[in-house]
Amino acid sequence: KVVDEDNKPVSGAKVSIGDDAAAVIPTDSKTKNDVPNGSYEVKIEEAPDGYELTTTTSKTAEVSATDKNPEVTLVVAKKPVLCDVKVVVVDENNNPVNGTTITIAGESHTLTGNTYELKDVEPNTYTAEVTNPTDKYYTTDKSTGSKTVDESKKSDTITLVVNEYGSVTVKVVDEDNKPVSGAKVSI
């Protein structure tokens with residue numbers, strides 16, 4: 001019989017018993033009849049789709065006068081689900097912002113463009129943050145974001161927004177709208 005690590009039956013494994021050629025088990029178990037007493041290696045030759053072999057994919061079945069029908073349980077493991085997270089940095093008008101530095105999964109990355117991709121990661125919630133925008137930009141509460149990726153959503157995009165600095169021009173004029181020089185101005 002073939003089970004997963006939660007002891008749930010698994011079908012579709014390619015199993016060999018003794019010298020018999022491996023055959024795909026359409027259900028979770030296979031029986032070989034008319035077996036003389038002796039030791040027989042029972043082995044999973046190929047895991048079914050979505051599973052991988054473990055250390056318990058081969059065992060010995062002992063057929064004897066006292067046990068004519070030994071049962072062997074072999075275990076396969078579910079393949080881990082791997083996910084992708086994409087981080088995109090834009091300004092408040094949704095224009096790409098190149099060259100910022102972001103942090104995601106505890107690592108800092110300086111972007112050559114405006115996108116960073118974290119590929120083949122474990123399912124989890126990932127938080128990204130702009131830690132060093134380029135000279136023209138500053139961070140806001142929208143410069144940090146989180147997304148959760150898992151079996152149901154294997155990829156997602158975190159969009160981080162930085163704002164572009166503006167400028168203020170001060171012009172000091174008199175009542176005739178003529179420029180006044182030498183005035184002290186604070187902003």
Side-chain angles (χ1 to χ4, degrees), residues 1-16 21-30 41-59 72-166:
K1 145 169 127 167
V2 179
V3 298
D4 66 13
E5 45 297 69
D6 296 324
N7 206 32
K8 292 182 181 168
V10 174
S11 61
K14 192 172 187 179
V15 177
S16 62
V24 174
I25 303 176
T27 62
D28 66 324
S29 63
K30 176 181 180 179
E41 181 183 25
V42 181
K43 183 177 182 181
I44 298 176
E45 302 289 345
E46 189 176 308
D49 287 342
Y51 292 88
E52 58 190 8
L53 300 178
T54 67
T55 57
T56 55
T57 54
S58 176
K59 288 188 177 176
V72 174
T73 300
L74 303 174
V75 180
V76 291
K78 289 181 185 174
K79 284 185 179 176
V81 174
L82 297 178
C83 304
D84 299 331
V85 179
K86 184 179 189 179
V87 180
V88 177
V89 182
V90 296
D91 68 13
E92 67 268 31
N93 296 314
N94 209 33
N95 296 312
V97 176
N98 299 333
T100 60
T101 301
I102 64 160
T103 300
I104 186 167
E107 294 184 10
S108 184
H109 305 277
T110 299
L111 310 181
T112 54
N114 78 314
T115 304
Y116 178 77
E117 292 188 61
L118 196 59
K119 292 193 159 289
D120 298 331
V121 294
E122 297 289 325
N124 205 341
T125 298
Y126 290 89
T127 299
E129 175 182 15
V130 174
T131 53
N132 187 16
T134 59
D135 292 340
K136 292 175 45 172
Y137 298 93
Y138 62 97
T139 60
T140 69
D141 60 339
K142 294 180 180 177
S143 300
T144 300
S146 297
K147 293 288 183 170
T148 300
V149 287
D150 57 27
E151 288 182 16
S152 65
K153 189 164 194 174
K154 293 183 182 177
S155 66
D156 210 340
T157 300
I158 302 171
T159 301
L160 305 178
V161 180
V162 293
N163 287 0
E164 187 172 2
Y165 284 113

Rounded to the nearest 0.5 Å, how far does [atom2] of [Y] lie from [atom1] of [X]?
X	Y	atom1	atom2	answer
K43	L53	NZ	CG	9.0 Å
T100	Y116	OG1	OH	12.5 Å
I158	K147	CD1	NZ	7.5 Å
I44	K59	CD1	NZ	10.0 Å

**OP:** Give the C-alpha distance, both sets of side-chain angles, the deciding distance and a yes or no for side-chain contact (heavy atoms from CB on, under 4.5 Å) between D4 and V75.
**Re:** CA-CA 5 Å; D4 66 13; V75 180; 5.9 Å; no
Taking the side chain from [X] and the backbone from [Y], do they hold a donor-acceptor pair closer than 3.5 Å?
X	Y	result
D6	K8	no
E92	E164	yes
D120	D84	no
E5	K78	yes
S143	V161	yes

**OP:** Kindly indicate, with the supporting measurements, whether the criterion side-chain contact (heavy atoms from CB on, under 4.5 Å) is fulfilled by S155 and V85.
**Re:** CA-CA 6 Å; S155 66; V85 179; over 6 Å; no
Original post:
Under the criterion side-chain contact (heavy atoms from CB on, under 4.5 Å), which of N132, T110, V130 is the partner of I102?
Top reply: V130
Subject >> Matching residue for V97 among L160, V88, V89, N163 - test: side-chain contact (heavy atoms from CB on, under 4.5 Å) >> reply: V89
Subject >> Contacts of type side chain to side chain donor-acceptor pair (under 3.5 Å), residue T125, not counting sequence neighbours >> reply: T148
**OP:** With sequence neighbours excluded, tell me which residues meet side chain to side chain donor-acceptor pair (under 3.5 Å) with E46.
**Re:** none
**OP:** Ignoring hydrogens and angles, state whether a donor on the side chain of S58 or E41 is under 3.5 Å from an acceptor on the partner side chain.
**Re:** yes
Original post:
Strictly by modelled atom types, are S16 and E45 linked by a side-chain donor-acceptor pair under 3.5 Å?
Top reply: yes
So do the side chains of [X] and [Y] get within less than 4.5 Å of each other, counting heavy atoms only?
X	Y	answer
K86	T115	yes
P123	V149	no
H109	I104	yes
T112	N98	no
V90	T159	yes
V2	V15	yes

Original post:
Around atom CG of N93, are there more than 12 heavy atoms of other residues, nucleotides or ligands at under 6.0 Å?
Top reply: yes
**OP:** State, to 0.1 Å, how close A105 and L118 come at their nearest heavy-atom pair, and which atoms those are.
**Re:** CB-CD2, 4.1 Å
Original post:
Quick one: do K79 and E52 make a salt bridge, cutoff under 4.0 Å?
Top reply: no
**OP:** Name all pairs fulfilling the ring pair (Phe, Tyr, Trp, His ring centres under 6.0 Å) condition that reach into residues 123-164, sequence neighbours left out, sorted by first residue then second.
**Re:** Y138-Y165
